[in-house]
Amino acid sequence: MDFVQCLLPDMSTKILTCLEDPSDLIRVSAVSSSWREFVIGNGLCKHLCLKRFPEISSVANMIEVENRVVPMVSQPEKTAEWLFLERDHRVYAFLTRGLSNCVKEDCLVDAIHASSTDNYPEESILNTLKPGDRVDYRASYWSSRGESDPTVPETLTYKLISKLCLISEIHVQPFQAYFQFGIPIYSAKAMKFRVGNPNVKIDVESDNRHESAAAQGSYCDKFVWTYTSPEFPIAQENILQKFKLPEPVLCVGGILQVELLGRVQRQQLDGLYYICVSHVQVVGRPLLPTFDVEILDEAGQCNLKYCPVERSLCQSSKKSSEGGESGSPRFHRFRASLRGWEQIILNTLLGARADVVDDDSDEDDV
């Protein structure tokens, strides 16, 4: 019995919204034309995407960039509204699928700003992008300015590799000053982070972001934050400490800020409290080049760009590279024969007796 036809639309919708994998919704829409119309007409793929990733609700418009795979061409039997519903169905299905298949990697691409820096550029925030606490036998770390009040926080602001990233973990390594007496560790007591997007009026990439110490206080109003994590305690240890989120967080806008709370270590030389960090790492999944966002206003409204052409090109290049590596069977036999002759020549040069190679087998190999 076709329950979609027999039951009321609300009941059928309630049943199909129990599916949590976008691939299942695609399979449902392929059962029959009536099921496809029901899935697309009720926006079930969009509902699933918003259910799992509510941050997508800030999307005001959907843009397909030169979609040569499934071009949205006006057809007499289809209205413009239905074509838009098909587009949303297709894009949200790919988006949910891409967010679900999390291949974790480091998502930081650049350092934007530190709330304070003790000695620039030797102790710049740029040092935190490099793993470890030493580079070329030189200490590599960021250091805040000294404060007499241990409760003064510090912030480190970074640019992510994509404006659309699914963040799952934050890694922070405090710095241990091995060149000071007692080898102190200048860690913070706790940390939290926030994600968001730059103010639409600010061009982050062209801003003089690393050196401006006088204008550091004005940076707080240059970003719109859409999510703030809970606090994570930091141990006073010189190791890369990993903080895993209970649920992955979708960053729309490509900006992440780490806030370091509380100061533990006082420097003996001046009696002030410092925070020093060797390395910061953000683990997640960027969605470039298939998806990108364009921020429209300060409220975080954005255009979601879907680029299926780039996606198909990436897949074709991957297939071509795989094909080049595999090659034909004749090529494999030829390469194997070359390796055999190389081994014979090597054994001869080393004074070993080369094995006698049968002429018939050589001809077959070639």
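All residue numbers in this chain count up from 1 along the given sequence. All values below come from the heavy atoms of this structure, side chains included, with hydrogens, waters and symmetry mates left out. Not measured: the values here are computed from a predicted model.
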Task: Nearest heavy-atom neighbours spanning S144 and D118 - done: O-CB, 3.2 Å

Task: Minimum-distance pair of heavy atoms, taken over all atoms of S143 and Y141 - done: CB-CE1, 3.8 Å

Between [X] and [Y], is there shared hydrophobic-cluster membership here, with clusters defined by ILVMFWY side-chain heavy atoms closer than 4.5 Å?
X	Y	answer
L260	Y158	yes
L129	F193	yes
W142	I234	yes
V277	M191	yes
I26	I40	no

Task: Pair listing, ring pair (Phe, Tyr, Trp, His ring centres under 6.0 Å) test, anchored in residues 247-278, at least two apart - done: none

Could you tell me whether the side chain of [X] and the main chain of [Y] form a donor-acceptor pair under 3.5 Å?
X	Y	answer
R97	S23	no
N42	L44	no
S116	R145	yes
T117	S124	no
Q173	D133	no
T79	W82	yes

Are [X] and [Y] packed together at the side-chain level, in the sense that at least one heavy-atom pair is separated by less than 4.5 angstrom?
X	Y	value
P22	L48	yes
Y186	Q267	yes
R263	V152	yes
L304	L95	yes

Open item on the list: So, taking the atom named CD1 in I170 and the one named OG in S229, what distance separates them when rounded to the nearest 0.5 Å?
Closed with: 7.5 Å

Task: Nearest-0.5 Å distance that lies between atom OG1 in T96 and atom CZ in R52 - done: 7.0 Å

Open item on the list: Walk me through whether Q176 and I185 qualify under side chain to side chain contact (heavy atoms under 4.5 Å, CB included).
Closed with: CA-CA 4 Å; Q176 184 172 22; I185 300 177; 3.6 Å; yes

Task: Verdict with reasoning, T157 to Q257, per side chain to side chain donor-acceptor pair (under 3.5 Å) - done: CA-CA 4 Å; T157 308; Q257 185 180 84; 3.0 Å; yes

Open item on the list: Regarding H171 and Q281, do their side chains bring together a donor and an acceptor under 3.5 Å, going by distance alone?
Closed with: yes

TODO: Please check if any side-chain donor atom of S115 sits under 3.5 Å from a side-chain acceptor atom of E154, or the reverse.
DONE: yes

- [ ] Using a strict cut-off of less than 4.0 Å between a Lys/Arg side-chain nitrogen and an Asp/Glu carboxylate oxygen, indicate whether R36 and E86 qualify as a salt bridge.
- [x] yes

Task: Contacts of type salt bridge (charged side-chain N to carboxylate O under 4.0 Å, His left out), residue E20, not counting sequence neighbours - done: none

Task: Distance under 6.0 Å and angle within 45° of ring axis: R134 vs Y178 - done: yes

Open item on the list: Between W35 and F3, is the ring centroid distance below 6.0 Å?
Closed with: yes

List, one per line, each side-chain donor-acceptor pair under 3.5 Å for residues 239-252, sequence neighbours excluded.
from	atom 1	to	atom 2	distance (Å)
Q241	OE1	A235	N	2.9
Q241	NE2	A235	O	2.7
Q241	NE2	E237	O	3.4

